Amino acid sequence: MDLLARVQHLFMASITLKTQALPLLAPVIVRAAEMLVMGFHQQKKVLSCGNGGSAGDAQHFSSEMLNRFERERVGLPAVALTTDSSTITSIANDYAYEQVFAKQIYALGQDGDILLAISTSGNSANVIQAIHAAHEKQMRVICLTGKDGGKMAELLSPEDIEIRVSSMSTARIQEVHLLIIHCLCDLIDRQLLGAE
Ligand SMILES: O=C(CO)[C@@H](O)[C@H](O)[C@H](O)[C@H](O)COP(=O)(O)O
Ligand SMILES: [Zn+2]
């Protein structure tokens, strides 16, 4: 396959997955956006986490909350747990890498806050520990997962929300995760600011 054909293949794979995901995920994305807005109305905050590309997604979401998305609005309370290298390296060094998000959640999380936990496999140990910590702190959990949902899917309580992208490709799942994050941002703004 030449390189141009490969690009064509990658674009088509991404488009096809998004098209398949739309009817399944749209109602779940709406529920997650409503949960987030309810939290913001009650002065709750969102803590987000993930590894690798999903760490980038966690930060992408928090920056669009703290600053703004496409429309002018006040900042909304969100913290990515992936950004403070001093905190992350010290927790990993003193305890275990598994604890890098959980320890921050025990320190920052409060009743009714929301954890946005992102993992394409659903099996990252530090994200799993983050969900346990969030439950202990009486937080709600929104998970972005892929594949078969992994161990994360089994941990969720009935009030939590899993948005699972049904694919085995980490890269394709991440591409849909980013679209889901932008949907959440758009729906949050629409609920807070009204339709344009
Ligand atoms: O971005 C990519 C692959 O596209 C990688 O950095 C990927 O995020 C890393 O391998 C992660 O450690 C995968 O973790 P997870 O999605 O299974 O939780
Ligand atoms: Zn990637």
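Just follow the structure's listing: the first ligand is 1, and inside any ligand the first atom is 1. Small disclaimer: the values here were computed from a predicted structure and weren't measured.
Salt-bridge check for Arg68 with Glu64: failed, with every basic side-chain N at 4.0 Å or more from each acidic carboxylate O. Ion pairing between a basic and an acidic side chain is recognised when a charged N comes within 4.0 Å of a carboxylate O; Asp113 and Lys44 show no such pairing.
Cluster annotation: Ile114 and Phe40 are assigned to the same hydrophobic cluster (Ile/Leu/Val/Met/Phe/Trp/Tyr, side-chain heavy-atom contacts under 4.5 Å, transitive). The hydrophobic cluster containing Val165 also contains Val30, counting ILVMFWY residues as joined when their side-chain heavy atoms lie under 4.5 angstrom apart, directly or transitively.
Of the possible polar contacts, one joining the Asn123 side chain to the Lys151 backbone as a donor-acceptor pair under 3.5 Å is found. Judged purely by atom type and a 3.5 angstrom limit, Ser169 uses its side chain to pair as donor or acceptor with the backbone of Arg172. Here the side chain of His177 pairs no donor or acceptor atom with the backbone of Ile118 at under 3.5 angstrom.
Excluding waters, the set of protein N, O or S atoms lying under 2.8 Å from the Zn ion (ligand 2) comprises Gln174 OE1.
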Q.
The test is side chain to side chain contact (heavy atoms under 4.5 Å, CB included); show your working for Leu108 and Leu81 and say whether it passes.
A. CA-CA 10 Å; Leu108 295 172; Leu81 304 176; 4.1 Å; yes

List ligand 1's nitrogen or oxygen atoms that come under 3.5 Å of a protein nitrogen or oxygen, with the partner atom and distance.
from     : atom 1 : to     : atom 2 : distance (Å)
ligand 1 : 1 (O)  : Gly53  : N      : 3.4
ligand 1 : 1 (O)  : Gln174 : OE1    : 3.3
ligand 1 : 1 (O)  : Gln174 : NE2    : 2.9
ligand 1 : 4 (O)  : Gln174 : OE1    : 2.6
ligand 1 : 6 (O)  : Gly53  : N      : 3.3
ligand 1 : 8 (O)  : Asn51  : O      : 3.3
ligand 1 : 8 (O)  : Gly53  : N      : 2.9
ligand 1 : 8 (O)  : Gln174 : NE2    : 3.1
ligand 1 : 16 (O) : Thr120 : N      : 2.8
ligand 1 : 16 (O) : Thr120 : OG1    : 2.7
ligand 1 : 17 (O) : Ser121 : N      : 3.4
ligand 1 : 17 (O) : Ser121 : OG     : 2.6
ligand 1 : 18 (O) : Ser119 : OG     : 2.6
ligand 1 : 18 (O) : Ser124 : OG     : 2.5

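There is no side-chain donor-acceptor pair under 3.5 Å between Lys147 and Ser166.
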